[in-house]
Every structure is written in structure tokens, then in C-alpha cells.
Amino acid sequence: VTTSTGGGTINNAGTFEKTGGTSNSNVYPLFINTGSVQANAATLSVSGLGSSTGGSWSAAVNSVLNLTAPNATTATLTGGTYSGAGLVNFGTANTGIIDLSGAPTFTVAVGIPGATLDVTAGTTVTVPSLNLGAGILSGLGTMNITGLLTWTNNGEMCTIDNCTAPSGAQGVTNANGGIAGSGNQYLYGRTLNNKGAATFGGGTTFF
């Protein structure tokens with residue numbers, strides 16, 4: 001399924017959901033979300049991501065949500081919620097900055113093994129806070145966290161999705177507001193810059 005209007009705009013204030021099938025569904029017009037976008041089957045690609053206020057974005061287990069800001073512009077997503085149980089992929093092509101700084105928290109699969117947030121090469125994503133537990137933060141791009149990084153048991157930071165150490169360039173995570181850590185934490189080929197207070201509970205182990 002491919003949606004294209006040749007320069008139109010989709011304003012979603014309801015629920016925009018991919019519910020079935022095995023092929024990729026593509027949305028190319030400028031897409032502004034104040035409601036809910038859900039990738040609940042296969043892959044949903046929003047290639048014309050526009051600045052949005054208050055919307056929610058999610059990917060179910062074994063599903064993929066691709067979000068791309070068009071023409072290397074900046075898409076600002078303000079005040080919404082962002083979660084992934086599958087793969088949430090920022091910057092699949094031709095993207096600039098995707099700014100999530102208005103969101104209260106970006107959650108990557110707390111308690112759901114295998115969920116992935118991927119920031120691809122050449123992309124910078126800015127979030128006010130990040131809760132990483134059991135899931136994976138990957139990609140060659142840069143993740144800027146202006147507030148607290150909460151890094152709990154079995155959270156993984158990687159450059160490539162299968163979390164083996166790469167031989168070349170590494171992705172970057174900037175923990176500008178410090179880190180609160182607990183349990184086993186995995187850093188595989190990603191550069192972590194801590195610029196605040198890093199506090200870890202008893203029994204914390206880095207791999």
C-alpha cells in the first residue's frame with residue numbers, strides 16, 4: 001500500500017494504524033500527527049514526517065515504524081509519547097534533525113526484549129529523557145538526551161542492530177543530564193558521553 005498525493009498534507013487527529021499484511025505501507029505526503037500512529041503489523045513508513053504536537057507513535061512486537069523528516073528539514077514532535085516494542089527507526093533516508101524535545105519520555109521497550117530504537121547515519125534525534133530497559137538503542141546516528149538517561153537491566157547501546165562491535169564508525173549517545181543505572185548494561189560499539197551525574201545501583205555491571 002502506498003499513499004501519495006503529490007504535495008498534499010495528512011492531518012491525523014484520530015488513529016492511523018497498520019493492522020495487517022506482510023508488505024511495507026508507505027505514506028509520502030506531509031504527515032502531521034496529533035492523534036495516534038501505530039505500526040501493529042509488518043512495516044509502516046512515514047516519509048513526510050511533519051512537526052506535530054501531542055501525538056503518540058508506537059511499534060508493536062515484530063513490527064517496524066519508520067519516521068523520516070523530508071528533504072533534510074527538521075521535524076519537531078512536541079508533547080507526545082514515543083514507545084517501541086518492535087523497531088522504531090528514525091532517519092531512513094534524506095533526513096535532518098528529528099527533535100522530540102517536547103516529549104516527556106521516550107521509552108524503548110522496558111521489559112520487552114528485542115525492541116529497538118534505531119538512529120541511522122546522518123541523523124540526530126533529541127529527546128528530553130530516555131528510558132532504556134531490555135531493548136536496544138542502535139544506529140550510526142546521534143542520540144542527544146537533554147535530561148536523564150534511565151538505563152535498566154539488559155538495556156543495550158549498539159551501532160548495529162545485532163549488537164556486535166563494529167570495526168568502523170560508531171554511533172553516539174550524549175547523556176547531557178546524567179545517568180541512573182541498574183542491573184546489567186551493554187555498550188557494544190557505541191560512544192557514550194556522560195555530561196552529568198552518573199549514579200548506579202549495587203550489582204550494576206557494564207559489558
Side-chain angles (χ1 to χ4, degrees), residues 37-39 56-67 77-92 95 97-121 123-166 169-207:
V37 174
Q38 303 171 14
S56 65
W57 311 78
S58 64
V61 174
N62 298 323
S63 297
V64 179
L65 175 62
N66 293 326
L67 299 175
L77 309 184
T78 304
T81 58
Y82 311 88
S83 60
L87 169 62
V88 180
N89 188 4
F90 289 95
T92 53
T95 190
I97 296 173
I98 299 175
D99 184 0
L100 308 180
S101 59
T105 303
F106 197 110
T107 299
V108 184
V110 175
I112 305 176
T116 303
L117 167 63
D118 187 86
V119 183
T120 57
T123 300
T124 299
V125 173
T126 301
V127 297
S129 58
L130 177 66
N131 193 346
L132 177 62
I136 298 168
L137 170 63
S138 67
L140 277 167
T142 298
M143 170 64 77
N144 287 323
I145 308 163
T146 57
L148 184 66
L149 166 62
T150 302
W151 193 3
T152 54
N153 194 42
N154 293 326
E156 300 180 69
M157 290 193 194
C158 315
T159 289
I160 53 182
D161 291 348
N162 63 3
C163 284
T164 56
Q170 298 184 358
V172 176
T173 300
N174 294 316
N176 297 306
I179 304 169
S182 61
N184 294 330
Q185 298 162 0
Y186 299 85
L187 186 65
Y188 291 140
R190 191 169 185 87
T191 299
L192 173 62
N193 298 314
N194 175 54
K195 299 181 181 179
T199 304
F200 301 93
T204 300
T205 304
F206 289 95
F207 294 92

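FYI, the numbering just counts along the sequence from 1.
A donor-acceptor pair under 3.5 Å links the side-chain atoms of Gln185 to the main chain of Trp151, judged by distance alone. Between the side chain of Thr159 and the backbone N or O of Gly189 there is at least one donor-acceptor pair closer than 3.5 Å. The main-chain N or O of Gly139 is found under 3.5 Å from a side-chain atom of Arg190 such that the two form a donor-acceptor pair.
When each of Thr150, Leu192, Ile145 is checked for a side chain to side chain contact (heavy atoms under 4.5 Å, CB included) with Ile179, only Leu192 meets the rule.
No side-chain donor from either of Gln38 and Ser58 sits under 3.5 Å from a side-chain acceptor of the other.
Atom CG of Asn184 sits about 6.0 Å away from atom CG of Asn154, to the nearest 0.5 Å. To the nearest 0.5 Å, the span separating CE on Met157 from OG1 on Thr173 amounts to 4.5 Å. The CG atom of Leu130 lies 11.5 Å from the CG atom of Asn144; values are rounded to the nearest 0.5 Å. The CG atom of Leu67 lies 8.5 Å from the CG atom of Asn89; values are rounded to the nearest 0.5 Å. Note that CG of Asn193 is 5.0 Å distant from CG of Asn174, once rounded to the nearest 0.5 Å.
In this structure the side chain of Met143 reaches within 4.5 angstrom of the side chain of Val127, judged on heavy atoms. Side-chain contact between Leu87 and Asp118 is present, with at least one heavy-atom pair separated by less than 4.5 Å.
Residue Asn194 places its CG atom among more than 12 non-hydrogen atoms of other residues, nucleotides or ligands, all under 6.0 Å distant.
Closest approach of Ser63 to Ala39, counting heavy atoms only: CB-O, 3.3 Å. When every heavy atom of Leu148 is checked against every heavy atom of Gly177, the shortest pair comes out as CD1-O, 4.0 Å.
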